[in-house]
Protein chains: 2
Amino acid sequence: MADVISPAKLAPNPLFLRDEELRQGIELLFYAYRDFTGEPDAILAKLGLGRAHHRAIYFVGRHAGITVSELLAILKITKQSLSRVLSQLVLEGYIHQRPGKRDRRQRLLELTEKGKELERQLTRTQRERIARAYREAGAEAVAGYRKVLLGLIDETERRKILARLDSAGKGAA
Amino acid sequence: MADVISPAKLAPNPLFLRDEELRQGIELLFYAYRDFTGEPDAILAKLGLGRAHHRAIYFVGRHAGITVSELLAILKITKQSLSRVLSQLVLEGYIHQRPGKRDRRQRLLELTEKGKELERQLTRTQRERIARAYREAGAEAVAGYRKVLLGLIDETERRKILARLDSAGKGAA
DNA sequence: AAATTACGTCAGCCATGTTGACATATTCCG
DNA sequence: CGGAATATGTCAACATGGCTGACGTAATTT
């Protein structure tokens, strides 16, 4: 204000632009996630289930035969929290447990037919949403979306996740 | 299996590829959001605050003079839920309320100096995370990231959000 | 003057996260 | 073989942050 010629008016302040750009990146992520997770809740509510159940069902479906500790590592919650969700899903016949062959302490998890049916139903709306966004944005944009999201993930996790994305659906030990 | 020549081996099944691609899009969003939101919690916990306070502080900081109902529309929670958070933030001196000039029923919200300080502290780690991801991915990828995320948002919301992103930081009535 | 709007508040419920302590079965290792 | 480590489960208590429903007040609109 006191300056005769404000430097900010001569050249657009790069720090300001940067901050603005970054905040938009934050907010887009917030809004997208907000709307993305909103949809399946109605289906779940009717069954007396919540988002936590959706996440468990999704990843068990994605990695048939996953162990409890692997699932914990993906969800990053405590075993007590997972246990509540998981035991309910087993009780109600969505998920089946069997002891590991190599290591009989493990409980390998997989969806029952009922579980698979629910998984399909829950994921359908989200798949459609992503599909539409991909289609409208184009292949190049999709590559950018993937690249940036991957960069947002904790560095120590990135390798693991890339491996998981690749090996998914092939079943585990 | 029973087919003499499996069609899936001649041409890669486009439905399968599509499903795989879409699921990766879902999972990347999950992992990125998981790690993105994780960081500021430690700071908040020391102050006896939670994620809900962070969101309120963030958007009040971003839209100085925002009304309660506008904030509700952004967060998509009930007024009762917001009230709990907001009244605590006012009580502890992070947010200041003043009546609207045109409409004195409104309570226009803005951060106090204390609130601004906390906002900066909280947003710093997230800004840095986005900045790093942007830098590593490149400008073209950033454009794609924005395009796809925008496409994931509810269509009825998109216009509003674009307007918000543009007008942010210029203050409201 | 009546209806609507913006906001707030009280009360209670539910889902889902947390910590801490402890139990059991199995596997690994010296 | 026997003890340590591992995979999993369980009980109890608590915090956060959503939700619904009901009701109240001040200001604005009609």
Side-chain angles (χ1 to χ4, degrees), chain A residues 30 33-34 37-38 40-58 60 65-92 95-109 172-173, chain B residues 30 33-34 37-38 40-60 65-91 95-109 172-173:
Chain A
F30 167 76
Y33 195 83
R34 180 197 67 177
T37 54
D41 289 10
I43 305 166
L44 290 158
K46 286 178 194 161
L47 301 170
L49 304 174
R51 285 187 196 180
H53 301 91
H54 186 188
R55 289 195 280 268
I57 285 180
Y58 180 89
V60 170
I66 192 176
T67 67
V68 170
S69 46
E70 283 164 352
L71 187 52
L72 283 173
I74 289 179
L75 299 176
K76 281 195 181 169
I77 57 175
T78 60
K79 64 176 177 176
Q80 292 92 330
S81 292
L82 178 58
S83 171
R84 197 162 33 197
V85 166
L86 212 50
S87 52
Q88 194 183 341
L89 290 172
V90 169
L91 204 70
E92 298 180 14
I95 286 180
H96 173 249
Q97 296 175 323
R98 59 185 160 88
K101 276 206 167 172
R102 286 197 319 250
D103 185 339
R104 283 182 329 205
R105 290 171 304 180
Q106 297 178 331
R107 305 274 183 104
L108 308 189
L109 307 171
Chain B
F30 167 78
Y33 196 82
R34 179 196 67 177
T37 54
D41 290 10
I43 305 167
L44 289 159
K46 286 178 194 162
L47 301 170
L49 304 175
R51 284 186 194 179
H53 302 91
H54 185 188
R55 289 196 279 269
I57 286 180
Y58 179 88
F59 283 107
V60 170
I66 192 176
T67 67
V68 171
S69 46
E70 284 164 353
L71 187 53
L72 283 173
I74 290 179
L75 299 175
K76 280 194 181 170
I77 57 175
T78 60
K79 62 176 177 175
Q80 293 91 331
S81 292
L82 178 58
S83 171
R84 200 160 33 194
V85 166
L86 211 50
S87 53
Q88 194 184 342
L89 290 173
V90 170
L91 203 71
I95 285 180
H96 173 250
Q97 294 176 326
R98 60 185 159 89
K101 277 208 169 170
R102 283 198 320 251
D103 186 338
R104 285 181 328 203
R105 290 172 304 181
Q106 297 179 332
R107 305 273 183 104
L108 308 188
L109 307 170

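So you know, we letter chains A, B, ... as the sequences are listed, proteins then strands, and number each from 1.
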Look at the side-chain N and O atoms of A/Ser87 and state whether any lies under 4.0 Å from the OP1 or OP2 oxygen of D/dT10. no
Nearest to side-chain heavy atoms of A/Arg104, which nucleotide of C/dT27, C/dT18, C/dC7: C/dT27
What is the distance from atom CG of B/Leu71 to atom CD1 of B/Ile95, rounded to the nearest 0.5 Å? 7.5 Å
Taking any heavy-atom pair under 4.0 Å as a contact, classify B/Gln88: base, sugar-phosphate, or nothing. nothing
Does a side-chain N or O from A/Arg105 land closer than 4.0 Å to OP1 or OP2 of C/dA23, or not? no
Under 4.0 Å: is that the gap between some side-chain N or O of B/Gln80 and OP1 or OP2 of D/dG21? no
Distance in angstrom units between A/Leu72 CG and D/dT10 P, rounded: 13 Å
Looking at A/Ser83, does any N or O in its side chain come under 4.0 Å of the phosphate oxygens OP1/OP2 on D/dT10? yes
Could you check whether A/Arg51 gets within reach of a base, just the sugar-phosphate, or nothing at all, counting any heavy atom under 4.0 Å? sugar-phosphate
Expressed as a whole number of angstroms, how long is the span from A/Leu71:CG to D/dG9:P? 10 Å
Rounded to the nearest 0.5 Å, how far apart are CG of B/Leu82 and CD1 of B/Ile77? 5.0 Å
Distance in angstrom units between A/Arg107 CZ and D/dT8 P, rounded: 9 Å
The residue, A/Lys79 or A/Lys76, whose nearest nucleotide of DNA chain C is more 5′ is A/Lys76
Between D/dA15 atom C1' and A/Arg84 atom CZ, what is the distance in whole Å? 12 Å
Tell me the interatomic distance from A/Leu82, atom CG, to D/dC11, atom C1', rounded to whole angstroms. 17 Å
A/Thr78 side chain N/O closer than 4.0 Å to the phosphate oxygens (OP1, OP2) of C/dT19? no
To the nearest angstrom, the CG-P distance between B/Asp41 and D/dA15 comes to 17 Å
For a quick check of understanding: with a heavy-atom distance under 4.0 Å over all strands, which category does B/Ser81 fall into, base, sugar-phosphate or nothing? base
Counting heavy atoms from C-beta on, name the nucleotide in C/dT26, D/dT28, C/dG17 closest to the side chain of A/Ala52. C/dG17
Does B/His53 place a side-chain N or O at less than 4.0 Å from the phosphate oxygens OP1/OP2 of D/dG17? yes
Out of curiosity, B/Arg51 CZ to B/Asp41 CG, how far, rounded to the nearest 0.5 Å? 4.5 Å
Rounded to the nearest angstrom, tell me the gap between atom CG in B/Leu109 and atom C1' in C/dA6. 12 Å
Can you measure from NE2 (B/His54) to CG (B/Leu47) and round to the nearest 0.5 angstrom? 12.0 Å
Rounded to whole Å, please give me the gap between CD in B/Gln97 and P in C/dT9. 9 Å
For the atom pair OG1 (A/Thr67) and CD (A/Gln106), what is the distance rounded to the nearest 0.5 Å? 5.5 Å
How is B/Thr67 classified with respect to the nucleic acid when contacts are heavy atoms under 4.0 Å: base, sugar-phosphate, or nothing? sugar-phosphate
Is the A/Phe30 ring parallel, tilted or perpendicular to the B/Phe59 ring (thresholds 30°, 60°)? tilted
